Amino acid sequence: MAEQQRPFARGFVCGLLVALAVACAYLLFMQEEVDPLVKRGAEILKYGVPERGPAVHYLHNHVLAYDSAKRTPLWVAEHIKSKHLQGPADRKHSKFKPDPSVDPMFTAYDRDYRRSGWSRGHMAPAGDNKFSQEAMDDTFLFSNIVPHDIDNNSGFWNRLEMYCRDLTSRFEDVYVLTGPLYLPTQEGQQKVVKYPVIGENEVAVPTHLYKVVIAERTDTPISMGAFIVPNQQIGYYQNFTIFQVPIEDLEKSSGFKVCPHLDRSKTKNLCEVDSCKLRNRK
DNA sequence: CGGTGTAGTCAG
DNA sequence: CTGACTACACCG
């Protein structure tokens with residue numbers, strides 16, 4: 001029996017060796033042909049790739065990318081359903097504080113905002129997280145906060161956030177992407193980007209805020225709208241389509257593709273499908 | 001003493 | 001709902 005099995009064992013071992021040799025040759029080939037720049041790069045970056053923290057931060061009910069130079073988020077993503085909007089969570093129990101997943105060197109602190117003249121403005125709103133105190137507490141981390149004109153924050157912007165929540169009564173799923181922008185202005189012959197910084201840590205004050213809203217329900221094309229709102233006192237606009245912009249304009253300003261996995265040829269303008277009108281002032 | 005938590009006031 | 005601000009009790 002053992003005598004008869006030996007050729008099989010020999011064949012098996014040989015096959016294994018051949019496979020190993022092929023794999024090694026393939027790996028060497030790949031290294032030589034595809035990775036010369038990366039290989040040299042690894043030598044150049046002997047002491048490491050410059051590091052600014054996690055690319056994406058995952059919280060209980062929102063996801064964000066952080067701008068460690070400006071001490072604000074780059075974008076904050078949410079998925080709102082009506083079930084998230086009811087519950088016992090109360091902002092009285094939440095506290096503004098640094099996000100532990102952000103390096104202390106790169107975070108904003110409460111003292112930066114205090115007496116700065118700018119309010120601490122949520123990107124993912126606290127009111128979208130009534131269902132969970134944990135999720136609401138996460139929205140008070142400074143990774144979700146930008147310096148926001150207080151009149152705009154409690155006025156127009158608040159109404160815009162309420163509109164997004166109200167969408168869940170007409171759409172099953174609402175996806176929102178919110179963040180700050182630093183838009184140039186014309187100064188004589190040239191365009192310049194100019195924005196204040198506040199506090200010891202020089203937290204950047206955005207010139208504008210943006211919001212991308214995607215609303216979905218079965219048997220209706222996906223509805224999408226992008227809005228850019230100046231970070232200053234603005235009046236009450238019942239119809240906020242005046243702040244709507246082509247999504248490509250927002251992408252050019254922000255520097256990233258907003259929804260790379262969404263086929264835009266199949267989407268409809270949110271403001272044509274829904275009203276894009278805020279509720280009455282009182 | 002400086003932090004923390006709570007409560008209340010005020011305003012948009 | 002969105003905030004700022006103040007006062008006070010508590011604790012190590």
Side-chain angles (χ1 to χ4, degrees), chain A residues 59 61-62 64 71-73 76 78-100 104 107-170 174 176-180 196 198-201 203-206 208-211 213 227-240 243 274-282:
Chain A
L59 290 304
N61 198 37
H62 64 278
L64 64 90
R71 287 86 163 102
T72 65
V76 180
E78 293 177 88
H79 171 214
I80 314 174
K81 291 177 79 71
S82 55
K83 65 175 180 183
H84 298 138
L85 305 180
Q86 291 173 358
D90 187 342
R91 52 185 292 141
K92 288 290 171 192
H93 301 137
S94 301
K95 197 187 153 193
F96 290 100
K97 59 184 176 186
D99 185 333
T107 185
Y109 291 87
D110 208 52
R111 59 178 183 273
D112 296 318
Y113 284 82
R114 198 164 295 171
R115 288 181 293 275
S116 71
W118 298 89
S119 69
R120 299 164 292 189
H122 286 69
M123 296 295 91
D128 290 359
N129 298 275
K130 292 285 291 177
F131 75 106
S132 159
Q133 189 67 52
E134 228 174 8
M136 181 177 284
D137 288 351
D138 276 359
T139 70
F140 282 78
L141 301 176
F142 281 113
S143 55
N144 183 50
I145 302 296
V146 309
H148 194 173
D149 177 88
I150 187 168
D151 186 85
N152 185 297
N153 194 357
S154 61
F156 179 84
W157 194 258
N158 185 21
R159 307 303 173 85
L160 185 55
E161 291 172 341
M162 292 167 81
Y163 172 82
C164 292
R165 285 193 282 272
D166 195 44
L167 274 176
T168 62
S169 66
R170 302 185 290 282
V174 176
V176 184
L177 190 78
T178 311
I198 58 171
E200 168 194 353
N201 297 289
V203 182
V205 180
H208 295 72
L209 303 178
Y210 68 84
K211 207 177 258 299
V213 183
F227 307 91
I228 295 182
V229 179
N231 186 12
Q232 59 188 253
Q233 181 170 4
I234 61 176
Y236 173 76
Y237 297 92
Q238 188 185 19
N239 191 322
F240 61 88
F243 297 111
D274 204 74
S275 68
C276 283
K277 281 183 180 172
L278 304 181
R279 291 193 164 182
N280 290 335
R281 181 182 271 281
K282 297 287 180 183

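Letters A, B, ... are given to chains in the order of the sequence lines, protein chains preceding strands, and every chain is numbered from 1. Only a predicted model underlies this, so the values are computations on that prediction, with no experimental measurement involved.
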### Summary
Looking only at heavy atoms, the pair that brings R165(A) and P125(A) closest together is NH1-CB, 3.9 Å

### Task
Write down the atom of P73(A), the atom of F142(A), and the distance for their closest heavy-atom approach.
CD-O, 4.4 Å

### Message
Taking the nucleotide of DNA chain C with the nearest heavy atom to each, does M136(A) or W118(A) sit closer to the 5' end?
### Response
M136(A)

### Query
Within less than 4.0 Å of OP1 or OP2 of dT6(B), is there a side-chain N or O belonging to K92(A)?
no

### Message
In whole Å, I'd like the distance from the CZ atom of R111(A) to the P atom of dC5(C).
### Response
16 Å

### Message
Under 4.0 Å from OP1 or OP2 of dG3(C): is there any side-chain N or O of N153(A) that close?
### Response
yes

## Note on the structure
Picking from dT4(B), dC5(C), dC1(C), the nucleotide nearest the side-chain atoms of R114(A) would be dC5(C)

### Nearest to side-chain heavy atoms of R120(A), which nucleotide of dC1(C), dA4(C), dT4(B)
dA4(C)

#### Entry: Integer-rounded Å distance: dA4(C) P and I145(A) CD1
9 Å

### Query
How far apart are the C-alpha atoms of T168(A) and K81(A), what are their side-chain angles, what is the distance that settles it, and do they pass the side-chain hydrogen bond (donor to acceptor under 3.5 Å, both in side chains) test?
CA-CA 6 Å; T168(A) 62; K81(A) 291 177 79 71; over 6 Å; no

### Task
Using heavy atoms to find the nearest nucleotide of DNA chain B for G155(A) and H93(A) separately, return the residue whose nucleotide is more 5′.
H93(A)

### I150(A) CD1 - dC1(C) P separation (whole Å)
16 Å

### Distance test, side-chain N/O of H122(A) to OP1/OP2 of dG3(C), below 4.0 Å
yes

### Query
Is the ring centre of F240(A) less than 6.0 Å from the ring centre of F227(A)?
yes

### Task
May I have the distance from K130(A) (atom NZ) to dC1(C) (atom C1'), rounded to whole angstrom?
9 Å

### Query
Between dG5(B), dA4(C), dT2(C), which one does the side chain of K95(A) approach most closely?
dG5(B)

### Query
Taking atom C1' of dG3(C) as reference, at what distance in whole Å does atom CG of D110(A) sit?
13 Å

### Query
Quick one: CG on N153(A) to NE2 on H148(A), what's the gap to the nearest 0.5 Å?
4.5 Å

### Query
Taking OP1 and OP2 of dT4(B), is either one under 4.0 Å from a side-chain nitrogen or oxygen of K97(A)?
no

#### Entry: Nearest-Å distance for atom pair CG/C1', residues N231(A) and dT2(C)
14 Å

### Query
Given atom CH2 of W157(A) and atom P of dC1(C), what is their separation to the nearest angstrom?
18 Å

### Query
Counting only side-chain N and O atoms of R91(A), is one of them less than 4.0 Å from OP1 or OP2 of dT2(C)?
yes

